[in-house]
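Order of appearance sets the numbers: ligands from 1, and atoms from 1 within every ligand.
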Amino acid sequence: MDVFSARRVIKEALLQVYGTSYEHDVCFVLKYCFGLSSCWDTTANVDDLWLYRVADDIKKSIPIQYICGVEEFRGKPFFVFPDVFIPREETEDLVDIALEAIPEDAHVLEVGVGTGVIGVSILMGRQDINVIGIDINPLAVVNTFVNARKFDVVSRLQLYHADVFSFLENYLPVNFIVSNPPYLPDGDRFTVDNLVNKEPEAALYGGNNGVDFIHCLLNKLVDMHFHGGFLFEFDDTTRDSLEKHEIFTISRVKYYRDRFGKERFALVWL
Ligand SMILES: C[S@@+](CC[C@H](N)C(=O)[O-])C[C@H]1O[C@@H](n2cnc3c(N)ncnc32)[C@H](O)[C@@H]1O
């Protein structure tokens, strides 16, 4: 099938699911599922059978990142495995903040690596540091390893399949922690769209008001006398609940906005 007709098939499938169809998504599918360098290349052809399979998957509300196995992050194509959290664009801003805030020669822990976009991007941006990455989802650990290999930072990354709360029972030589933790309020599971519900629950929901995971992590860090920075992403509607933790009254805290103007990141010095 020629590219012009293929564009129409993908567009219609996207429209059926999203109610709208973005040019960017059509080109994304043609680029990453069919290897086209340009979605306007009128000389290229697309395999019909494969195209209709992809269109069917789109109509089943499977996110295009799972169908193509890729998401772009800071301009680079990261592999995305099924059942691993799909990176969001605002997390690119978290990486910018981390690259500036992490002290020289720091030992960094990333809690909840997912596809590895944060840890791998930090390692690409800073040659002086090492990262320990952990995730409770074993697929996420493998996904991160594959991306670390792809971007050639695997020698400075240690990966563990672990629950952060038991992992932190052991002494850890880290002085900076970064995380995009599960932070949606539990109640959101009834209102988020179908696409988000295709992602693993443990990656999304952070308790009743969305901050339980972050509070538990802060408790743990206080208990273990952690000394250093903790930079994390949170839901901008939950700041009041977030600040109920006593650490916010006694520690140095800086908030940052994301590219959409939402207060989205906090850096706490413990
Ligand atoms: C919102 S996702 C972030 C993934 C990735 N860092 C990103 O920004 O795209 C949260 C991640 O935390 C992991 N996670 C949830 N609970 C965890 C726990 N108790 N210990 C370790 N990782 C956990 C999830 O499996 C998921 O990969």
Side-chain angles (χ1 to χ4, degrees), residues 63 65-66 69-74 76-99 108-125 131-148 151 153 157-170 172 174 176-186 188-189 192 195-207 210-221 224 230-236 238 258-259 264-266:
Q65 293 85 351
Y66 285 156
V70 176
E71 176 59 306
E72 289 179 351
F73 191 83
R74 292 168 68 86
K76 298 206 157 43
F78 279 74
F79 292 117
V80 177
F81 289 10
D83 294 324
V84 176
F85 180 82
I86 299 167
R88 306 298 203 267
E89 58 181 314
E90 56 270 25
T91 302
E92 295 175 340
D93 304 334
L94 177 73
V95 171
D96 284 340
I97 299 163
L99 287 173
V108 178
L109 169 69
E110 185 190 351
V111 176
V113 286
T115 55
V117 286
I118 298 176
V120 170
S121 302
I122 289 174
L123 285 168
M124 280 195 278
V131 172
I132 296 174
I134 64 164
D135 206 294
I136 201 166
N137 176 356
L139 280 173
V141 178
V142 181
N143 197 158
T144 295
F145 178 75
V146 171
N147 281 322
F151 295 112
V153 295
L157 177 67
Q158 282 177 55
L159 283 170
Y160 297 94
H161 168 221
D163 178 340
V164 61
F165 300 106
S166 32
F167 189 77
L168 290 176
E169 297 291 339
N170 306 309
L172 257 189
V174 297
F176 199 93
I177 299 176
V178 62
S179 185
N180 173 15
Y183 63 67
L184 291 181
D186 281 350
D188 281 15
R189 71 184 74 226
V192 294
L195 288 167
V196 174
N197 275 330
K198 292 278 187 301
E199 295 179 82
E201 287 222 342
L204 299 172
Y205 301 105
V211 297
D212 292 356
F213 188 94
I214 298 168
H215 280 182
C216 288
L217 197 47
L218 282 167
N219 289 340
K220 198 80 202 169
L221 297 178
M224 61 187 270
F230 175 33
L231 172 65
F232 59 92
E233 195 169 318
F234 67 98
D235 184 320
D236 66 315
T238 60
D258 66 15
R259 61 190 61 186
R264 171 78 68 189
F265 314 107

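- If you check which protein heavy atom lies closest to atom 1 (C) of ligand 1, you get Ala203 O, 3.1 Å.
- Near Pro182, meaning under 4.0 Å from any of its heavy atoms, are these atoms of ligand 1: 15 (C).
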Q. Phe232 and Phe230: ring pair (Phe, Tyr, Trp, His ring centres under 6.0 Å), yes or no, with the steps?
A. CA-CA 6 Å; Phe232 59 92; Phe230 175 33; 4.7 Å; yes

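- Close approach of ligand 1 to Glu110 (heavy-atom distance below 4.0 Å) involves ligand atoms 6 (N).
- Summarising the geometry of Pro87 relative to Val80, their closest heavy-atom pair is CD-CG2, 4.2 Å, with the distance given to 0.1 Å.
- Scanning the protein for heavy atoms near atom 27 (O) of ligand 1, the closest one is Asp135 OD2, 2.6 Å.
- Close contacts of ligand 1 with Thr91, meaning ligand atoms under 4.0 Å from a residue heavy atom, involve 8 (O).
- Counting heavy atoms under 4.0 Å from ligand 1, residue Val164 touches it through both backbone and side chain.
- Annotation: atom 23 (C) of ligand 1 to nearest protein heavy atom, Ile136 CG2, 3.6 Å.
- Among protein heavy atoms, atom 9 (O) of ligand 1 sits closest to Phe85 CD2, 3.4 Å.
- Among protein heavy atoms, the minimum distance from atom 4 (C) of ligand 1 is reached at Gly112 O, 3.5 Å.
- Listed for the Asn147 side chain is a donor-acceptor partner under 3.5 Å among the backbone atoms of Thr115.
- With respect to atom 5 (C) of ligand 1, the closest heavy atom belonging to the protein is Val113 O, 3.3 Å.
- Residue-ligand proximity, Ala162 to ligand 1, at heavy-atom distances under 4.0 Å covers atoms 20 (N), 21 (C).
- Under the 30°/60° scheme for interplanar angles, the aromatic rings of Phe167 and Tyr160 are found to be tilted.
- Of all protein heavy atoms, the one closest to atom 15 (C) of ligand 1 is Ala202 O, 3.1 Å.
- Taking any N or O of Asn180, backbone or side chain, at least one lies under 3.5 Å from an N or O belonging to ligand 1.
- Side-chain polar atoms of Glu233 and Ser179 form no donor-acceptor pair below 3.5 angstrom.
- Looking at Thr144, its side chain does come within 3.5 Å of a backbone N or O of Ala140 through a donor-acceptor pair.
- Side-chain atoms of Asn143 come within 3.5 Å of backbone atoms of Phe81 as a donor-acceptor pair (strictly under, hydrogens ignored).
- When heavy-atom distances to ligand 1 are checked against a 4.0 Å cut-off, Phe213 comes that close only through its side chain, counted from C-beta outward.
- Using a cut-off of 4.0 Å between Lys/Arg side-chain N and Asp/Glu carboxylate O, Arg74 and Asp96 are scored as salt-bridged.
- Among all protein heavy atoms, the one lying closest to atom 19 (N) of ligand 1 is Asp163 OD1, 3.0 Å.
- For Glu89 and Arg259, the salt-bridge test passes: some basic side-chain N is under 4.0 Å from an acidic carboxylate O.
- Remark: the backbone N or O of Ile86 is paired with a side-chain donor or acceptor of Glu199 at under 3.5 angstrom.
- Atoms of ligand 1 found under 4.0 Å from any heavy atom of Asn137 (numbered from 1 in listed order, with element): 25 (O).
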